[in-house]
Amino acid sequence: VTIARYLRELHAALVVDPWTRRRVLAETEDHLRSAVEAGASESEAVARFGSPSALAARFAEVYAARVTRGTAWLLLGLLVVAFMTLYPIPENTLPPAPWPEDSPPGHLMWKRDLAVVLFAVAAVLGIAAALLRQSVRTSLALTGGALVVLAATTLEGAVLAWQWHEAVPGAPGPRWIVPAAVAQAALIACVAGIAASAFRARLAATNEEAP
Amino acid sequence: MHGQALKGHLDLLLLATLEHEPAHGYAVIDALSFRTDGELDLPEGTVYPALHRLESAGLLSSSWSDSAPRRRRVYRLTRKGRAALRRERQTWQAFSRAITAVVGPGPA
């Protein structure tokens with residue numbers, strides 16, 4: 001196997017982000033060329049690295065651990081954003097609502113309570129993913145669970161906000177609700193995408209039996 | 001030396017190799033082999049991912065060096081890495097003393 005072929009196969013096998021891929025390939029090539037300059041043949045130099053898939057699996061394991069940690073912290077940031085968008089929906093920041101006999105409509109109350117409960121569940125899962133020391137698999141499962149619940153919170157919160165707007169004069173309307181919900185959904189999708197890349201790397205590391 | 005025997009000590013070996021000066025991956029493997037008369041001839045496929053892992057953990061930092069004919073990634077210990085090395089070294093020394101006390105030097 002020549003150095004060029006080994007690098008091509010390694011490039012194809014790596015399940016990491018583009019920056020890490022470039023770095024791994026550059027480091028590997030430098031090492032292989034140095035070994036050849038020191039007197040080894042290309043095939044001897046390449047053999048010491050092991051198969052491209054085994055090497056890629058080891059890097060995938062490192063990458064999965066790093067990205068999983070990063071994703072968990074991003075998730076915490078996302079929870080803060082979600083809290084800020086949820087917060088104005090209930091009565092907290094609105095003028096006193098003109099409810100008959102000071103009693104808000106039941107269909108708004110249970111939806112508000114549900115949004116709060118969903119957010120609390122997402123927060124607990126997200127905090128556990130970020131702060132507890134655990135395996136990549138557990139952390140990814142917690143992160144995935146938090147993202148799913150957070151997506152449900154966003155959807156349910158948007159419906160609640162819309163109905164609240166119809167029931168309470170002066171409450172934030174579509175001009176606020178739609179962009180906020182879309183932005184939050186986009187952020188959730190971004191974090192989910194990063195978590196998915198960590199999951200793929202974890203899978204690649206698990207599937208390949210490194211020597 | 002059998003790879004299994006090194007399991008668990010790889011981090012200590014890499015941190016100790018980088019203790020006095022920064023080095024790129026090739027030099028790290030070369031130094032390990034040289035300092036142990038070839039006993040520790042670690043496969044590259046193990047060392048590079050370990051260097052990346054130690055960097056992710058904040059024990060090493062790295063940067064590109066353009067002084068060689070090609071760009072090289074040079075690794076150096078961070079403050080956290082030095083503290084980890086001190087701890088790992090103490091643990092190893094205690095472990096080594098304990099094993100030696102049991103195994104002994106063997107028959108003369």
Side-chain angles (χ1 to χ4, degrees), chain A residues 3 6-7 9-10 13-17 19-40 44-70 73 133 136 198 201 204-205 208-211, chain B residues 1-8 10-11 14-15 17-18 22-34 38-76 78 80-81 84:
Chain A
I3 291 175
Y6 186 84
L7 292 173
E9 290 178 4
L10 181 60
L14 283 169
V15 186
V16 293
D17 64 81
W19 297 276
T20 306
R21 178 181 286 117
R22 272 201 296 274
R23 176 178 158 184
V24 168
L25 290 170
E27 278 191 288
T28 306
E29 180 171 13
D30 170 52
H31 189 103
L32 291 171
R33 303 266 176 230
S34 299
V36 169
E37 285 162 11
E44 285 169 347
V46 160
R48 285 184 54 88
F49 265 92
S51 75
S53 56
L55 181 60
R58 286 169 191 237
F59 278 115
E61 200 172 343
V62 175
Y63 174 75
R66 190 178 70 214
V67 176
T68 300
R69 274 199 305 274
W73 286 105
R133 291 173 68 88
V136 168
E208 176 66 32
E209 285 189 4
Chain B
M1 187 175 281
H2 198 278
Q4 200 64 25
L6 285 175
K7 209 171 182 182
L10 180 60
D11 292 2
L14 294 176
L15 293 174
T17 306
L18 290 164
H24 50 84
Y26 188 89
V28 168
I29 294 169
D30 209 32
L32 272 168
S33 180
F34 179 75
E39 280 293 321
L40 295 184
D41 194 15
L42 296 179
E44 284 80 344
T46 302
V47 171
Y48 280 95
L51 288 170
H52 280 236
R53 179 170 46 75
L54 290 172
E55 188 179 352
S56 287
L59 304 184
L60 298 180
S61 64
S62 72
S63 58
W64 291 109
S65 160
D66 292 320
S67 57
R70 290 174 298 277
R71 289 178 81 207
R72 282 184 157 164
R73 196 77 184 179
V74 175
Y75 294 87
R76 58 185 57 78
T78 61
K80 191 177 167 187

List the steps and the verdict of side-chain contact (heavy atoms from CB on, under 4.5 Å) for B:Glu44 and A:Leu55. CA-CA 9 Å; B:Glu44 284 80 344; A:Leu55 181 60; over 6 Å; no

Just checking, any donor-acceptor pair under 3.5 angstrom between side chains of A:Tyr63 and B:His52?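 No, no side-chain donor-acceptor contact under 3.5 Å.
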
[atom1] of [X] to [atom2] of [Y]: how many Å apart, nearest 0.5 Å?
X       : Y       : atom1 : atom2 : result
A:Arg23 : B:Arg71 : CZ    : CZ    : 11.0 Å
B:Tyr48 : A:Phe59 : OH    : CZ    : 8.5 Å
B:His24 : A:Ser34 : NE2   : OG    : 6.5 Å
B:Trp64 : A:Asp30 : CH2   : CG    : 8.0 Å

Does any backbone or side-chain atom of A:Glu61 lie under 4.5 Å from a heavy atom of chain B? Answer side chain, backbone, both or neither.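 No part of it gets close to chain B.
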
Side chain from CB out, backbone as N, CA, C, O: work out which of these in A:Ala35 comes under 4.5 Å of a heavy atom of chain B, or both, or neither.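 Both the backbone and the side chain of A:Ala35 come within 4.5 Å of chain B.
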
Taking A:Arg66, A:Glu29, A:Arg69 one by one, which has the highest count of heavy-atom pairs under 4.5 Å against chain B?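 So the answer, after comparing A:Arg66, A:Glu29, A:Arg69, is A:Arg66.
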
Contact summary for B:Ile29 and A:His31, nearest pair of heavy atoms: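 Heavy atoms only, the tightest pair is CD1-CE1, 3.6 Å.
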
If you compare all heavy atoms of B:Pro49 against all heavy atoms of A:Arg58, which two are closest, and at what distance to 0.1 Å?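 Nearest pair, atom of B:Pro49 first, then A:Arg58: CG-CB, 3.6 Å.
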
Hey, is B:Arg73 close enough to A:Glu27 for a salt bridge, meaning N to O under 4.0 Å?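 Salt bridge: no.
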
Does any heavy atom of chain A fall under 4.5 Å from the side chain of B:Leu42, the backbone, both, or neither of them?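 Contact with chain A involves the backbone of B:Leu42 alone.
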
